[in-house]
Amino acid sequence: HFKNKEKKIITYGFKRDSDVNPHVFPFKTKLIGRFNEYNCLAAIAVLRQLHISDENIRAGIISFKAPAGRQDVVYNKDFMVVNDFAHTPNSFANIVLEAKKLAKNRLIHVFGSAGQRDKYKRPEMGKISSEYADVIILTAEDPRDEATDKISSEILSGISDAKFKISPTSPRLQGTSSFQENKGLERGKKYLFQIPDRKEAVEFAIGLAEKGDVVLLTGKGHEKSMNYGKGEEPWNESEVAREAIKKLRS
């Protein structure tokens with residue numbers, strides 16, 4: 001807190017000494033993660049200053065849906081599939097942490113890094129994912145004229161967790177058999193796969209999913225195209241996930 005004679009300062013947060021906090025203004029939201037709860041508190045602080053009724057504020061928050069490709073819950077039954085645009089270390093860390101909290105069983109994380117963009121962040125993204133994910137599947141994310149394998153190796157350089165068993169490639173799963181029966185993977189172990197084709201990677205992840213798992217897809221979000229180095233090709237991450245669920249889980 002600090003005083004300013006010319007401006008009124010309104011604070012928000014989770015602590016009781018904030019002007020706007022969940023203790024003085026309880027609310028519910030469908031958005032994922034604590035960082036979104038902070039965003040809601042900021043909105044509440046502004047709306048109350050605009051004299052919007054508490055009833056309308058709460059109704060607006062509970063009915064608000066995230067934009068396409070932002071914490072987009074594609075599927076939520078026996079397991080969950082979440083599509084998010086996170087592609088910077090900060091946004092990446094937020095969504096991976098929250099996805100881990102949502103997982104009653106394992107977190108299966110599918111991601112890559114764009115070609116010709118911010119190469120410095122690749123090891124950091126690998127490090128962040130390895131801190132929370134139980135299964136990592138590295139794949140393409142607009143590699144452009146860079147080799148996807150090269151990008152994946154740079155992401156791998158940030159993964160120092162020796163618990164991960166790294167497999168160079170892995171074929172698609174066929175049918176709906178369990179995680180262990182299909183791949184011979186041991187429960188409680190961590191695994192990393194490299195599957196350059198993103199559609200195959202998404203299908204592989206969804207084929208692995210068991211009850212209580214969260215499959216997190218990051219990097220593409222709302223984008224409608226993919227660039228494998230031969231120009232832009234149509235792509236819809238959420239739709240690819242839905243088709244994989246229909247194909248493998250029906």
Side-chain angles (χ1 to χ4, degrees), residues 68-75 79-88 91-92 95-96 99 106-119 121-123 125-126 128-130 133-156 158-159 164 166-174 179 182-183 191-209 213-249:
R70 298 280 187 174
Q71 302 101 47
D72 185 0
V73 179
V74 178
Y75 181 83
F79 62 95
M80 182 182 290
V81 179
V82 179
N83 171 24
D84 192 84
F85 186 52
H87 60 285
T88 64
S91 60
F92 200 75
I95 193 64
V96 175
R106 290 176 307 241
L107 173 58
I108 301 171
H109 189 192
V110 180
F111 73 102
S113 185
Q116 303 301 322
R117 302 284 190 280
D118 302 330
K119 296 181 181 182
K121 72 182 182 183
R122 294 172 184 171
M125 293 170 75
I128 293 167
S129 182
S130 68
D134 300 287
V135 179
I136 293 174
I137 302 172
L138 298 181
T139 189
E141 184 194 313
D142 297 308
R144 299 181 174 85
D145 60 355
E146 278 194 80
T148 302
D149 289 347
K150 172 181 174 292
I151 294 172
S152 293
S153 69
E154 291 176 2
I155 294 172
L156 270 170
I159 300 176
F164 275 93
I166 299 173
S167 175
T169 59
S170 185
R172 301 183 192 189
L173 287 176
Q174 300 296 329
F179 185 83
N182 268 290
K183 304 313 301 172
Y191 291 88
L192 185 148
F193 299 95
Q194 298 176 67
I195 306 177
D197 183 281
R198 194 172 181 104
K199 183 174 183 291
E200 184 175 341
V202 171
E203 289 186 354
F204 181 70
I206 288 170
L208 293 180
D213 287 347
V214 170
V215 176
L216 175 63
L217 315 173
T218 58
K220 291 300 294 177
H222 63 285
E223 294 182 338
K224 300 301 182 185
S225 66
M226 174 80 77
N227 191 321
Y228 282 103
K230 298 179 181 179
E232 300 297 325
E233 303 174 25
W235 181 263
N236 184 316
E237 187 98 323
S238 292
E239 189 58 32
V240 168
R242 290 188 190 98
E243 287 298 319
I245 294 165
K246 183 178 179 180
K247 175 182 176 181
L248 297 170
R249 316 300 298 207

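The pair R242-E239 meets the salt-bridge criterion, since a charged nitrogen lies less than 4.0 angstrom from a carboxylate oxygen.
Proximity of F193 to V135: side-chain heavy atoms (C-beta onward) are separated by under 4.5 Å at one or more points. Put simply, the side chain of L138 reaches to within 4.5 Å of the side chain of F111, judged on heavy atoms.
Among all heavy-atom pairs drawn from G126 and I159, the shortest one is O-CG1, 3.3 Å. Here the closest heavy-atom approach between residue F85 and residue R70 is recorded as CD2-NH2, 3.3 Å. Of all non-hydrogen atoms in V215 and A209, the two that sit nearest each other are CG2-CB, 3.9 Å. Counting all heavy atoms, side chain and backbone alike, V202 lies closest to A241 at CG1-CA, 4.0 Å. The two residues L216 and L107 make their nearest non-hydrogen contact at CB-CD1, 3.9 Å. The two residues A140 and Y228 come nearest to each other via the heavy atoms CB-CE2, 3.4 Å.
Considering CD of E141 and CG of N227, their distance stands at 12.0 Å, rounded to 0.5 Å. Within the model, atoms CG of D134 and CG of L208 stand 12.0 Å from one another, a figure rounded to the nearest 0.5 Å. Annotation: the span from N83 atom CG to I95 atom CD1 amounts to 9.5 Å, rounded to 0.5 Å. Distance check: D213 CG to I108 CD1 gives 4.5 Å after rounding to the nearest 0.5 Å. Considering CZ of R117 and OG1 of T88, their distance stands at 14.5 Å, rounded to 0.5 Å. To the nearest 0.5 Å, the span separating CD on E203 from CD on E243 amounts to 9.5 Å.
Listed for the D118 side chain is no donor-acceptor partner under 3.5 Å among the backbone atoms of K121. Put simply, the side chain of S153 gets close to the backbone of K150: a donor and an acceptor are under 3.5 Å apart.
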### Task
Assess whether side chain to side chain contact (heavy atoms under 4.5 Å, CB included) is satisfied between E232 and E223, documenting all intermediate values.
CA-CA 11 Å; E232 300 297 325; E223 294 182 338; over 6 Å; no
### Message
Would L156 and L192 count as a side chain to side chain contact (heavy atoms under 4.5 Å, CB included) here? Give the steps.
### Response
CA-CA 9 Å; L156 270 170; L192 185 148; 3.7 Å; yes
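Partner K220 forms a side chain to side chain donor-acceptor pair (under 3.5 Å) with one of T139, N236, D142, D84 and no other, that one being D142. Screening H87, H109, E237 against T218 for a side chain to side chain donor-acceptor pair (under 3.5 Å) leaves a single residue, H109.
Remark: R144 pairs with no residue by the salt bridge (charged side-chain N to carboxylate O under 4.0 Å, His left out) rule, at least two apart or across chains. With sequence neighbours excluded, the residues forming a salt bridge (charged side-chain N to carboxylate O under 4.0 Å, His left out) with R122 are E146, E154, listed by chain and number.
Using modelled atom types, one finds no donor on one side chain facing an acceptor on the other under 3.5 Å when comparing E233 with W235.
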